[in-house]
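See below for the structure under consideration.
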Number of protein chains: 2
Amino acid sequence: MIRTEPSVADHLQNSQKIPARTRKADISRERVLGAAAKIFAERGYAGTTMRAVADRVGLQAASIYYHYRSKEDLIEAVIGTALVGVSQAVHLAVASLPASASGRDRIDSAIFAHLTSVLTFGDYALASRRVLGQIPAHVRRKHVALRDAYGNFWLELLESARVGGELRGDIDLHLARTFILGALNSALEWYKPQGKALHEIASQFSLLIDEGIFAQTRK
Amino acid sequence: MIRTEPSVADHLQNSQKIPARTRKADISRERVLGAAAKIFAERGYAGTTMRAVADRVGLQAASIYYHYRSKEDLIEAVIGTALVGVSQAVHLAVASLPASASGRDRIDSAIFAHLTSVLTFGDYALASRRVLGQIPAHVRRKHVALRDAYGNFWLELLESARVGGELRGDIDLHLARTFILGALNSALEWYKPQGKALHEIASQFSLLIDEGIFAQTRK
DNA sequence: GTCTATACTTTGATAGAC
DNA sequence: GTCTATCAAAGTATAGAC
């Protein structure tokens, strides 16, 4: 991932139908959002001050209010960007498989897309993961619903693989789902673009999720 | 887990060599700590106010300073309780296995102990997981070292299983370790004592980690 | 041990000049 | 669009009575 921020910018433009010729306001608005994502991720919701965000982009705190109405608006934009972005990427990846794809193909594709997009969204995803529980209840509600809908998509993925007889019969699918997402999201905490290539990490995770850590000792 | 708090109390007493006859100060001190753990976990470090903690135990904010010198002291105690508690529990569980135990026995035992103790420490573990990155650097240093030492223990567990030829040869052990811990710790986010029994969850996690989600399709 | 009172700092947000 | 100036509210922490 050499270009992290640009992808997020693209997402914002696409989802808001903004003309390609970005104006000054859009540039500032997006720089503020990126700075906010990083600081929210590092210090939590209450620990993030408008002054700290402003400092990071060379503005005065008051200037942020030209772009965002409040701190709540800011965190909402950060979380929304990550949640919608990841969800869209994964849906798209799975939907673009041929009809003949097996359950395992679909799950592996979802694993790859989830890991890739979560790491691409970097600070946005991290902020989303870390502060969703800290924000005011009326702001949280909508995003929790989004996250739950995404979780539901994974459950269906697992259910259809089980119907196809591919999945083990002795595991609880709800539990398997949180297990998978928990493991994938934990990559956010340590992944560094300088390390192992993203596709390598993704295929290792696929292997671990699909077949486990032990050699063929299945009884 | 019917008795969550008492276990934590026991841990505190054991680790600090306090006489069994608990005095008033100890009771208050521990109630403050428990309340702080819960609020830190919910609202993050900066989002937790001394007033909120005090309210929860029916004290005035100023009274907390009789038991803890500062907010930093308070979060340090919360995180330390969880980190030391979980680490001790897992070390103990693995150490108490017979010398003949296989690598898989040892890993399964560690999985069970980790999951059990993490869920037993509940709010303490949750606070530790969520705010470790939000606290002042000089407070964080010591706890990051503790956490890394614990991570190292897991790496050794995996390495010795690989030497024994039990583990797959095609997985990166560092990656497998974070994968496992990430998945186990994610249980903190959704586990409720009213749900499935703890030992059932633990054995499902063992199965998932050890053998993966798919039926025997190994090529 | 816990309280009331309070000093001092930082925060989110607004008003209005440029 | 961004700035300076400013405010009311809320934060950590201390002092001293009880």
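None of these values were measured; they are calculated from a predicted model. Every chain is numbered from 1 and lettered A, B, ... according to where its sequence line falls, protein lines coming before strand lines.
If you take CG of A:Asp55 and C1' of C:dT10, they are 14 Å apart, rounded to a whole angstrom. If you measure from atom NZ of A:Lys24 to atom C1' of D:dC3, you get 12 Å, rounded to the nearest angstrom. Residue B:Asp26 contributes atom CG, which lies 12 Å from atom C1' of C:dG1 at whole-angstrom precision. If you take CD of A:Gln60 and P of D:dC3, they are 5 Å apart, rounded to a whole angstrom.
The pair A:Arg130-A:Glu189 counts as a salt bridge, with a side-chain nitrogen and a carboxylate oxygen less than 4.0 angstrom apart. Between A:Arg23 and A:Asp26 there is a salt bridge, with a side-chain nitrogen of the basic residue lying less than 4.0 Å from a carboxylate oxygen of the acidic one.
Taking side-chain N and O atoms only, A:Tyr66 has a distance below 4.0 Å to OP1 or OP2 of D:dG1. For D:dC3, the OP1/OP2 oxygens have a side-chain nitrogen or oxygen of A:Ser63 closer than 4.0 Å.
In this structure, A:Gly58 reaches the sugar-phosphate backbone alone: every heavy-atom distance under 4.0 Å involves primed, P, OP1 or OP2 atoms, never a base.
Listed in residue order, the members of residues 35-42 of chain B having a heavy atom less than 4.0 Å from DNA chain D come to none.
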message = Walk me through whether B:Phe205 and B:His114 qualify under ring-ring contact (aromatic ring centres under 6.0 Å, His included).
response = CA-CA 11 Å; B:Phe205 268 86; B:His114 181 96; over 10 Å; no

note = Expected string for nucleotides 12-18 of chain D under the B/S/- scheme (protein heavy atoms, under 4.0 Å, primed atoms plus P, OP1, OP2 as sugar-phosphate) is BBB----

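Among the candidates B:Val84, B:Val90, B:Leu83, the single residue satisfying the side chain to side chain contact (heavy atoms under 4.5 Å, CB included) test with B:Tyr150 is B:Val90.
Pairs engaging residues 71-96 of chain B under the ring pair (Phe, Tyr, Trp, His ring centres under 6.0 Å) rule: B:His91-B:Phe153 [sequence neighbours left out]. For residues 59-87 of chain A, the set of pairs meeting the ring pair (Phe, Tyr, Trp, His ring centres under 6.0 Å) definition, not counting sequence neighbours, is empty.
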Show which side-chain atoms of residues 32-46 of chain B pair as donor or acceptor with protein atoms under 3.5 Å away, not counting sequence neighbours.
none

Residues 140-149 of chain B side chain polar contacts: donor-acceptor under 3.5 Å, at least two apart:
{"from": "B:Arg140", "atom 1": "NH1", "to": "B:Gly133", "atom 2": "O", "distance (Å)": "3.2"}
{"from": "B:Arg140", "atom 1": "NH1", "to": "B:Ile135", "atom 2": "O", "distance (Å)": "3.1"}
{"from": "B:Lys142", "atom 1": "NZ", "to": "B:Glu76", "atom 2": "OE2", "distance (Å)": "2.9"}

